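Right, one structure below, let's go through it.
In this text the structure is predicted, and so the values were computed from the model without any measurement. Letters A, B, ... are given to chains in the order of the sequence lines, protein chains preceding strands, and every chain is numbered from 1.
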Amino acid sequence: MQNPYQPYPVRIDEVIDAVEDKSLKTFRFVFLNPEDEEKFSYRAGQFAELSVTGQGEIPIGIASSPTEKGFIMFTVFKVGKVTSYLHNMKAGDIMGVRGPMGNWYPWDSLEGKNIVIIGGGFAFTTLRSSIVYMLDSANRSKFKDIHVIYGARMPGLLLYRDELYEWEKRDDIHMHITVDGTDDPDWKYNVGFVPTITEQKAPSADADTCAIVCGPPIMIKFTLPVLENLGYSHDQIIMSLENRMKCGIGMCGRCNIGKEFVCKDGPVFTMDQLSQTPREY
Amino acid sequence: MKIVKIDKTDWSAGLQRSRESYRLVGPIKGENDDFAGIRELGEGEEPDLTATDTVLSPKSIVYPQSEIMFEYTTDKDSPDANLLIRPEKNYSPCAVVGIRPYDAAAFLLVRKNFDTPEYRDPYWCDAYEASTFIGLAVNRPDSTDFSTSTGSGPFSEKGLDALLVDTGDHYLAKLITEKGEAYVKAAGWKTEADPDTALKQIEEMKAVAEARISSAVAFENIRKKTILELYEADFWEDIAFSCINCGTCTYLCPTCWCFDIQDENRGTNGIRYKNWDSCMYPLFSLHGSGHNPRGTKVMRVRQRFMHKLKYFLDKYDDGIMCVGCGRCVRSCPVNIDIRRVCDIMNSYGTVENACTV
Ligand SMILES: Cc1cc2nc3c(=O)[nH]c(=O)nc-3n(C[C@H](O)[C@H](O)[C@H](O)COP(=O)(O)OP(=O)(O)OC[C@H]3O[C@@H](n4cnc5c(N)ncnc54)[C@H](O)[C@@H]3O)c2cc1C
Ligand code: SF4
Ligand code: SF4
Ligand code: FES
């Protein structure tokens with residue numbers, strides 16, 4: 001068995017400013033050893049530990065989709081020690097990636113269903129991975145209607161803006177992009193908080209509909225009652241959690257909620273599962 | 001079951017012979033040490049079998065308080081720039097002589113964490129697998145020992161390769177595994193005892209030792225209750241009231257395994273290393289955003305006891321994450337006693353408990 005703490009060496013291929021205020025950057029990595037790309041076989045919803053030698057490691061959701069080959073992609077918000085250092089790194093620099101880690105959105109049981117994706121702020125990374133995965137021509141027919149409700153404070157803070165606007169043009173996905181407010185007279189999409197737009201645009205639940213919800217705690221808090229009103233039961237609401245992490249493999253002991261480790265048994269849980277664990281996240 | 005009789009006059013010579021093929025680890029109190037500990041023994045040092053009840057558990061043999069995982073250089077001109085390289089470490093056979101039975105049992109519990117179907121922590125596992133555990137039965141357990149009720153006990157063989165029983169002028173060595181046999185062979189102790197008489201003697205001594213243990217924990221009702229029932233119970237404030245979050249209980253516990261990972265640099269050279277960590281500290285779970293899901297002392301104390309007495313029990317269905325060594329009971333500066341906490345949790349919501357309220 002390989003050393004689970006040993007990252008795969010990667011080269012930064014490209015660094016992209018992800019939002020206008022530069023608080024988020026998107027990093028594309030290429031594996032130094034091509035065979036590692038195969039070992040790093042992942043599903044949408046998983047995360048990895050980015051290892052910045054000399055600084056430490058950070059758990060970050062995988063923003064690329066398994067259907068995209070030749071690179072992996074992450075979008076990182078500048079918070080503290082490691083993320084700040086990473087923001088100053090350049091294309092060509094060598095670092096490491098350890099993973100993939102954790103579980104993923106339950107793709108097998110989601111097949112044949114309507115999927116409603118609800119995201120807010122920068123918690124849209126693994127949701128992007130999921131959308132790209134579902135829209136891939138090999139996969140689109142496996143899912144029924146796809147709705148996406150995604151909001152940020154203002155247009156410049158939406159992640160993956162170009163892709164969002166492209167998806168708006170497609171007829172096999174219902175996009176509901178929104179911002180809390182904007183003074184841009186040309187803004188063509190919604191204005192309003194994510195819970196409000198969810199109330200207006202999300203389909204009511206039937207047995208064949210599931211919602212995947214990722215966002216800041218305040219958004220989650222107000223979106224859940226809306227979904228309940230729309231008829232979603234707790235096993236139809238899927239969420240992805242964050243907790244402070246180190247090992248990412250269920251060993252260092254810090255990320256648990258009850259007997260579950262967010263890093264290994266999660267980060268993806270249904271509301272139903274979460275209602276049976278302590279709210280330590 | 002083979003039992004070998006070791007005359008104490010041949011003890012030192014045997015240890016010396018075993019050193020040709022084993023590194024020796026054992027309890028010892030060095031000249032400059034405040035108290036005895038279990039560590040690798042240097043030339044001329046012997047395990048001190050009167051000092052097996054160490055303040056710190058022997059977990060550091062397999063799981064050092066601080067351990068280098070990788071070395072690296074960040075020098076951009078080096079061909080290895082930013083690559084992580086695991087340093088060489090001595091994993092040659094090592095005999096741990098004089099470990100207490102409950103401390104050996106603790107390794108089996110911790111192994112569940114580090115050696116899993118999905119991942120194997122090579123640092124812990126390599127060191128564990130290199131070790132042969134030669135335990136010393138405890139003839140006179142002290143008042144804080146409650147190991148029998150946790151599935152271990154003063155003569156327990158769990159996790160041991162051989163068990164030594166001190167009968168006065170000789171040791172009886174019960175050989176439990178092939179590793180244990182190999183060690184005794186390497187030490188050149190050959191005199192086989194008559195198994196029937198020796199076993200009878202050991203059983204008698206075991207009964208005497210177990211009878212001396214006066215405290216016990218019960219967790220049958222903890223098993224039956226849900227995690228949330230116990231988590232939301234009203235007694236946690238009371239239990240945590242006097243705790244000062246010093247972390248002592250977690251550092252000296254043989255079954256506590258939580259750790260931190262850090263990078264440390266000197267110029268362009270550096271190491272990534274593991275350090276024992278403690279759920280008693282706020283930093284343990286603090287998010288980068290400032291949010292802390294276990295932000296208060298009460299939440300952290302609850303985490304420690306819930307992990308040991310409920311989460312582990314539910315997760316593996318193999319008892320609690322405590323071997324009853326009593327170290328945390330003896331060393332807690334404010335006398336928080338896991339036996340009492342276990343009792344409160346176990347009797348919570350039962351009829352007896354309701355009457356006393
Ligand atoms: C499953 C998962 C997915 C995530 N996905 C993303 C993402 O796609 N984009 C993004 O920008 N952020 C993501 N985060 C949050 C990100 O991990 C933290 O912002 C980051 O670890 C902060 O590191 P730092 O060194 O800059 O902060 P510091 O506060 O200096 O933290 C020091 C160390 O503490 C740990 N730590 C601190 N905060 C967190 C946290 N919230 N979660 C986990 N470990 C933490 C890390 O080991 C970190 O190196 C995710 C977290 C988790 C658990
Ligand atoms: S030793 Fe006692 S005071 Fe210190 S953290 Fe443990 S329970 Fe609290
Ligand atoms: S919790 Fe206390 S009594 Fe139990 S194994 Fe740890 S130190 Fe020993
Ligand atoms: S990050 Fe170490 S146990 Fe989850």
Side-chain angles (χ1 to χ4, degrees), chain A residues 1-11 32 49 51-58 77-84 89 92-96 98 101 216-217 241-262 264-265 275-281, chain B residues 69-70 72-74 76 81-86 113-114 116 118-125 226-228 231-232 256-265 268-270 272 274 277-279 283-294 299 302-303 306-307 310-316:
Chain A
M1 227 186 262
Q2 77 187 59
N3 184 344
Y5 300 103
Q6 178 94 52
Y8 298 119
V10 294
R11 181 168 43 78
L32 284 193
E49 288 277 352
S51 161
V52 181
T53 313
Q55 302 301 315
E57 294 185 310
I58 45 170
F77 184 60
K78 188 169 158 182
V79 188
K81 185 177 177 217
V82 181
T83 51
S84 303
M89 290 178 70
D93 288 347
I94 304 296
M95 49 178 282
R98 193 155 70 79
M101 282 157 180
L241 299 190
E242 279 187 21
N243 251 355
R244 186 183 179 113
M245 293 183 180
K246 286 288 174 174
C247 69
I249 53 175
M251 289 184 182
C252 77
R254 78 197 54 237
C255 72
N256 70 300
I257 48 165
K259 71 180 188 351
E260 256 58 71
F261 285 112
V262 173
K264 191 178 174 191
D265 306 306
S275 66
Q276 290 158 45
T277 69
R279 289 184 65 92
E280 289 189 345
Y281 47 88
Chain B
M69 309 169 78
F70 299 105
Y72 54 75
T73 171
T74 50
K76 289 213 159 119
N82 290 356
L83 299 184
L84 300 176
I85 295 154
R86 182 178 172 188
N113 186 61
F114 286 119
T116 73
E118 302 88 358
Y119 303 106
R120 175 182 184 273
D121 181 308
Y123 307 94
W124 194 95
C125 293
T226 67
I227 284 176
L228 282 186
Y231 182 87
E232 286 163 358
C256 273
W257 64 62
C258 293
F259 63 91
D260 188 22
I261 302 175
Q262 291 289 337
D263 285 11
E264 202 167 278
N265 307 311
T268 52
N269 291 328
R272 176 163 295 170
K274 275 168 124 182
D277 206 341
S278 170
C279 58
L283 259 183
F284 189 62
S285 52
L286 180 69
H287 289 203
S289 62
H291 169 63
N292 195 338
R294 288 196 282 270
M299 299 181 94
R302 173 171 56 190
Q303 160 66 15
M306 284 293 281
H307 189 197
K310 179 60 179 168
Y311 303 153
F312 187 90
L313 183 73
D314 281 16
K315 190 166 188 131
Y316 298 107

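For the set A:K264, A:E260, A:M245, the count of heavy-atom pairs under 4.5 angstrom toward chain B peaks at A:K264. When the candidates A:G54, A:P217, A:P7, A:G56 are compared by the number of heavy-atom contacts under 4.5 Å with chain B, A:G54 comes out ahead. When each of A:Q55, A:R254, A:K246 is checked for heavy-atom pairs under 4.5 Å with chain B, A:R254 comes out on top. Among A:G80, A:G96, A:P278, the residue making the largest number of heavy-atom pairs under 4.5 Å with chain B is A:P278. With chain B as the partner, the residue from A:L32, A:I94, A:V52, A:I58 showing the most heavy-atom pairs under 4.5 Å is A:I94.
Of the atoms belonging to B:F70, it is side-chain heavy atoms, and not backbone ones, that fall under 4.5 Å from chain A. For B:K274, the part sitting under 4.5 Å from any heavy atom of chain A is the side chain, from C-beta outward, and nothing else. Only the side chain of B:Y72 comes within contact range of chain A, with at least one heavy atom under 4.5 Å from a heavy atom of that chain. Looking at A:D93, the atoms closer than 4.5 Å to chain B (heavy atoms on both sides) all sit in the side chain, from C-beta outward. Heavy atoms of B:F114 lying under 4.5 Å from chain A belong to its backbone as well as its side chain. For B:T226, no part sits under 4.5 Å from any heavy atom of chain A, backbone or side chain. Proximity to chain A (any heavy atom under 4.5 Å) is shown, for B:D121, by both the backbone and the side chain. Looking at B:N292, there are no atoms closer than 4.5 Å to chain A (heavy atoms on both sides), in backbone or side chain. In this structure, chain B has a heavy atom under 4.5 Å from the backbone of A:Y281, while its side chain stays farther away. With a 4.5 angstrom heavy-atom cutoff, B:N265 touches chain A only via side-chain atoms. In this structure, the portion of B:M69 lying under 4.5 Å from any heavy atom of chain A is its side chain and not its backbone. Contacts between B:I227 and chain A at a heavy-atom distance below 4.5 Å involve the side chain alone, from C-beta outward. Contact of B:E232 with chain A is not made at all, since no heavy-atom distance falls under 4.5 Å.
The heavy-atom pair separating B:F259 from A:C247 by the smallest distance is CZ-CB, 4.1 Å.
A:N3 places a side-chain heavy atom less than 4.5 Å from the side chain of B:Y123.
Partner of A:K259 under the side-chain contact (heavy atoms from CB on, under 4.5 Å) criterion, chosen from B:F312, B:Y311, B:Y316: B:Y311.
For A:T83, the side chain to side chain donor-acceptor pair (under 3.5 Å) criterion is met by no residue, not counting sequence neighbours.
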